[in-house]
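Notes to accompany the following structure.
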Amino acid sequence: MFKKLLSGLNQKKVKVFSLFLLCSFLSWFISNLSESYESRTDFILNYRNLPDTLLLGKDSEDVIQAKIRASGFQFLYHNFFKERIDVDVSQTTFQNGKYVLAGEELRKQMDLQLSQNISLMDLDRRELVVDMYRVASKEIPIKANLNLQLQQNYLLEGGILITPDHIVVKGPSREIDSIDEITTSVLQMNNVSSDFSREVSLKLPKGLENSVFSAGKAVVSGRVAKFSEKVFEVPVKVLNIPEGYQVQTFPDRVTVVCKATIDRLKEISKADFEVVADYAQLNGSEGSTLFLKITQRPENVYDVRLQENNTVNFVLKQL
């Protein structure tokens with residue numbers, strides 16, 4: 001029984017001593033982390049403000065190493081989360097065929113982005129060479145690859161709308177000069193009876209390693225309306241009648257069929273149409289038939305046609 005009691009006391013002392021050691025270590029560790037140190041660390045580079053005439057090449061540096069003074073806490077954080085630095089390449093100069101950002105300018109840009117508690121001591125280079133190359137720019141129209149099947153008695157108003165209707169490609173002239181048109185991926189729409197809007201991807205040319213496109217998608221949309229037909233009785237007008245004569249056609253009125261939206265048909269009258277028969281088409285020959293032609297029709301309609309034959313008989317009478 002005495003041995004068990006002694007064993008229990010020893011276990012308690014061990015636990016207390018272990019806790020004391022842990023607290024002492026944490027106190028020492030925190031105290032050291034709060035002190036300032038100098039060491040080298042890496043920064044990830046993000047290039048910004050590229051001029052419109054330049055593109056970033058594949059050989060540009062992704063990481064730069066710098067010597068900094070910071071607390072142990074900040075170094076610990078930095079080891080887990082690499083800090084990113086924006087590099088304003090508009091401040092580069094062109095020297096001996098290369099775009100160079102001077103070391104002083106690079107230090108200035110980094111200082112403005114680092115925390116106030118971090119001091120930049122030194123960089124691993126005197127200047128930063130940015131791999132950029134000059135490019136051409138070209139606007140290319142987008143064409144919708146759309147297979148649209150409308151419901152019966154429905155029509156498309158105003159055509160297909162593509163947004164954006166063009167994209168801009170930047171790259172070497174040898175790559176982009178031959179590009180004249182960009183098409184969308186195939187869009188199949190069946191039994192459509194209402195307005196539509198669909199986002200589709202663009203079929204961008206492959207193999208253009210040094211070219212960049214401003215967009216990879218576009219929106220294809222259209223307005224769909226129900227249409228109907230209305231019949232109008234329109235008088236036949238004869239042109240180029242010989243002097244001293246008059247022409248009487250049989251019939252003297254013809255039926256014109258107009259196809260449009262229901263709302264538009266309500267606004268149309270027979271005065272919006274003109275059907276003519278040109279006597280000059282005989283060209284001096286004898287005949288009793290003249291071809292008809294619709295020479296005036298209203299705007300914003302889907303179709304206008306003569307309902308029956310496109311000819312009339314006539315009688316030439318001397319005045």
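- For the atom pair OG1 of T289 and CD of Q281, the computed distance is 9.5 Å after rounding to the nearest 0.5 Å.
- Separation of atoms CD (Q307) and CD (E229) is listed at 9.0 Å; rounding is to 0.5 Å.
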Take I140 and D180, measure what side chain to side chain contact (heavy atoms under 4.5 Å, CB included) needs, and give me the verdict at the end.
CA-CA 6 Å; I140 303 174; D180 297 320; over 6 Å; no
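- For the residue pair I162 and A144, the shortest heavy atom distance occurs at CD1-N, 3.3 Å.
- Remark: of the listed residues L306, N310, V254, L306 is the sole one forming a side chain to side chain contact (heavy atoms under 4.5 Å, CB included) with I294.
- Sparse packing is recorded around CD of E299, with 12 or fewer heavy atoms of other residues, nucleotides or ligands lying under 6.0 Å away.
- Without hydrogens or angle criteria, T311 side chain to F291 main chain gives no donor-acceptor distance under 3.5 Å.
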Evaluate the criterion side chain to side chain contact (heavy atoms under 4.5 Å, CB included) for residue pair F314 and I241; output intermediate values, then yes/no.
CA-CA 12 Å; F314 74 93; I241 301 173; over 6 Å; no
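- Distance check, rounded to the nearest 0.5 Å: CG of D195 to CD of E157 gives 8.0 Å.
- Cluster membership check: I44 does not share its hydrophobic cluster with L120, using side-chain heavy-atom separations under 4.5 Å among Ile, Leu, Val, Met, Phe, Trp and Tyr.
- V276 and L290 fall into different hydrophobic clusters, where Ile, Leu, Val, Met, Phe, Trp and Tyr are joined by side-chain heavy atoms under 4.5 Å apart, directly or via other members.
- Under the 4.5 Å side-chain criterion, counting only non-hydrogen atoms from C-beta, E61 is in contact with L128.
- A donor-acceptor pair under 3.5 Å is absent between the side-chain atoms of S185 and the main chain of V200, judged by distance alone.
- Side-chain contact check for I160 versus V220: some heavy-atom pair is nearer than 4.5 Å.
- Q188 and N147 share a donor-acceptor pair across their side chains, judged by distance under 3.5 Å alone.
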Where do Q109 and Q113 land on the side-chain hydrogen bond (donor to acceptor under 3.5 Å, both in side chains) test, with the steps shown first?
CA-CA 7 Å; Q109 294 186 23; Q113 298 175 65; 5.1 Å; no
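- Using a 4.5 Å heavy-atom cutoff, the side chains of R174 and N210 are in contact.
- Between the side chain of K138 and the backbone N or O of D177, at least one donor-acceptor pair lies under 3.5 Å.
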For L202 and F213, run side chain to side chain contact (heavy atoms under 4.5 Å, CB included): C-alpha distance rounded to whole Å, both residues' side-chain angles, the deciding distance at 0.1 Å, then the answer.
CA-CA 10 Å; L202 301 178; F213 293 86; over 6 Å; no
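- No side-chain donor-acceptor contact under 3.5 Å links N46 to the backbone of D86.
- Contact annotation: the side chain of Q149 never approaches that of M189 to less than 4.5 Å [non-hydrogen atoms, C-beta and beyond].
- No side-chain donor from either of S288 and N313 sits under 3.5 Å from a side-chain acceptor of the other.
- Here the side chain of E274 pairs no donor or acceptor atom with the backbone of K237 at under 3.5 angstrom.
- Judged by distance alone, with hydrogens and angles left aside, the side-chain atoms of D272 form a donor-acceptor pair with the main-chain N or O of S269 at under 3.5 Å.
- For the pair L187 and L146, the tightest heavy-atom approach, listed with the atom from each and the gap, is O-CD1, 3.3 Å.
- A salt bridge does not link E127 with K98: none of the charged nitrogens is closer than 4.0 Å to a carboxylate oxygen.
- Closest heavy-atom contact between S228 and I262: CB-CG1, 4.0 Å.
- Scanning all heavy atoms of the two residues, the minimum distance from I268 to K230 falls at O-NZ, 4.2 Å.
- Around atom CZ of R48, more than 12 heavy atoms belonging to other residues, nucleotides or ligands sit under 6.0 Å away.
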Should L208 and I179 be marked as a side chain to side chain contact (heavy atoms under 4.5 Å, CB included) after you check the CA-CA gap, both sets of side-chain angles, and the distance that decides it?
CA-CA 11 Å; L208 305 184; I179 307 175; 3.6 Å; yes
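- In K259, the NZ atom is crowded: over 12 heavy atoms of neighbouring residues, nucleotides or ligands sit closer than 6.0 Å.
- The minimum heavy-atom distance between V224 and S194, with the atom names listed, is CG2-O, 3.4 Å.
- Within the 4.5 Å cutoff, side-chain heavy atoms of N145 are placed close to those of T184.
- Between V192 and L148, some side-chain heavy-atom pair lies under the 4.5 Å cut-off.
- Y99 places no side-chain N or O within 3.5 Å of a backbone atom of V89 that could act as its donor or acceptor partner.
- The distance from atom CD1 of I142 to atom NE2 of H166, rounded to the nearest 0.5 Å, is 8.0 Å.
- Side-chain atoms of S90 and D88 form a donor-acceptor pair, as typed in the model, at a separation below 3.5 Å.
- Between R253 and P235 the shortest heavy-atom distance is NH1-CD, 3.8 Å.
- Side-chain rings of Y279 and Y245 stay apart, their centers remaining 6.0 Å or farther from each other.
- A salt bridge is absent between E233 and K270; no separation between the charged side-chain nitrogens and carboxylate oxygens falls under 4.0 Å.
- Atom CG of residue L101 and atom CG of residue L45 lie 10.0 Å apart, to the nearest 0.5 angstrom.
- With hydrogens and angles disregarded, no donor-acceptor distance shorter than 3.5 Å links the side chain of S221 to the backbone of S197.
- For the pair R264 and E267, the salt-bridge criterion is met [side-chain N within less than 4.0 Å of a carboxylate O].
- In this structure, D124 contributes its side chain and Q65 its backbone to a donor-acceptor pair below 3.5 Å.
- Taking CG from L123 and CZ from F43, the interatomic distance works out to 9.0 Å, rounded to the nearest 0.5 Å.
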